[in-house]
Each structure stands twice: as structure tokens, then as C-alpha cells.
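Written below as C-alpha cells is the structure these notes are about.
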Amino acid sequence: QEMDEGRQKNDWTTSVPGMNEVDGHSNVLCMWVCGEAAQQVDNLQENDILKGASLLLRKFTGDPEISTPNRITRHAWMKDPLCMGTWSYPSLHSKHEDYFELMKPLPSEDNPRLLLAGEHTHPTYWSFMHGARLSGIEQAEKVTKFMEQNQ
């Protein structure tokens, strides 16, 4: 309910699934912003992001004395013309069947000439490295099967 209300108010902080300490750097946090809010954050000033991050830290730690972080390092992934985002994230209009459609060989199962693999094609592990690996293995098995049948 809180997330829905946040989206209605354009409150990007409701699209932060977590903050994690960066391994080996106890004074550095990594914050993820997901979905449409990522585009919103790419257009914010750094001070606004720092304020939002401190509000989240205070809220979830229960410590109202936590100070605002003093610096942010970020990359505007949604504005980067070489990636236009980071990993795949299904839209509200995506269907589970869409992933199976992406995994179908073209022009046909009997004549696989074009096969897509990557985290964006895995029906369960989209956006994860192991989704990319699993889909690659599955597609490679289709190629191997085709080659064995047509020796």
C-alpha cells in the first residue's frame, strides 16, 4: 500500500528495495532504485537524492539522528546512450509467456538460426547473472541438439 501511494505521489524512495554496505568499505552504502523511479532519480539533483537516502535510513533504522550522507557517486544509467538502463525489468504489461517467446528459436525449432540468450530472456531469473547463464546453456543445448541431428 505504501509503495502504491508513493508511486502516485512520484515518491521515488518507495522504489528502493534496499541499501547495502559495500564489501570492504564500512562507510559506503549502495542504493538501488528500481522501475520507473530510476528515470526520475536520473533527473534529480544530488542533494535531493542524498535527502531521500537519509530519510530512508532514518525510517528503517529507527534512528532519527542519522545524518544526511555527505557525498554520492552515481551513474545516470537511463540517460546513458550506450545502455539506456541496466538490466531488464519487466513492465506492468509483461506476461510470463513473453519470456518463453523470447527463447523460441527462429525461424523454427527444427531450423534454429537465431536464438536469444541473456538475463532478459529467462522466465524466472530475469535481471540476474545466473538467469543469463541458464538461458545461455538452454540455447546452446538447442544448437547442440540441432547439430547432432543434422550430421
Closest non-hydrogen atom pair, [X] against [Y]:
{"X": "Glu21", "Y": "Ser26", "answer": "OE2-CA, 3.5 Å"}
{"X": "Trp12", "Y": "Gln40", "answer": "CB-OE1, 3.7 Å"}
{"X": "Ser135", "Y": "His122", "answer": "N-CD2, 4.1 Å"}
{"X": "Ser54", "Y": "Ser67", "answer": "CB-O, 4.3 Å"}
{"X": "Arg58", "Y": "Ile66", "answer": "NE-O, 2.8 Å"}
{"X": "Leu134", "Y": "Tyr125", "answer": "CD1-CD1, 3.8 Å"}

Using modelled atom types only, decide if a donor and an acceptor are shared between the side chain of [X] and the backbone of [Y] within a distance under 3.5 Å.
{"X": "Asp80", "Y": "Ala76", "value": "no"}
{"X": "Arg74", "Y": "Val41", "value": "yes"}
{"X": "Glu119", "Y": "Ala132", "value": "no"}

Is it the case that one hydrophobic cluster holds both [X] and [Y], taking links as side-chain heavy atoms less than 4.5 Å apart, direct or via other members?
{"X": "Leu106", "Y": "Val143", "answer": "no"}
{"X": "Leu44", "Y": "Met19", "answer": "yes"}
{"X": "Val16", "Y": "Leu55", "answer": "no"}
{"X": "Met103", "Y": "Phe100", "answer": "no"}
{"X": "Val28", "Y": "Ile72", "answer": "no"}

For a side chain to side chain contact (heavy atoms under 4.5 Å, CB included) with Pro105, tell me which candidate from Leu115, Leu116, Asn111 qualifies. Leu115
Drop me the distance from [X]'s [atom1] to [Y]'s [atom2], to the nearest 0.5 angstrom.
{"X": "Glu46", "Y": "Arg71", "atom1": "CD", "atom2": "CZ", "answer": "10.5 Å"}
{"X": "Asp110", "Y": "Asn150", "atom1": "CG", "atom2": "CG", "answer": "9.0 Å"}
{"X": "Thr61", "Y": "Leu56", "atom1": "OG1", "atom2": "CG", "answer": "10.0 Å"}
{"X": "Met31", "Y": "Thr13", "atom1": "CE", "atom2": "OG1", "answer": "9.0 Å"}

Can you check whether Lys142 reaches Gln139 side chain to side chain, under 4.5 Å on heavy atoms? yes
Within-4.5 Å side-chain heavy-atom neighbours: Tyr99 and Thr124: no
Is it true that Glu101 and Lys104 have a side-chain N and a carboxylate O under 4.0 angstrom from each other? yes
Give the C-alpha distance, both sets of side-chain angles, the deciding distance and a yes or no for side chain to side chain contact (heavy atoms under 4.5 Å, CB included) between Val33 and Ile49. CA-CA 11 Å; Val33 182; Ile49 299 169; over 6 Å; no
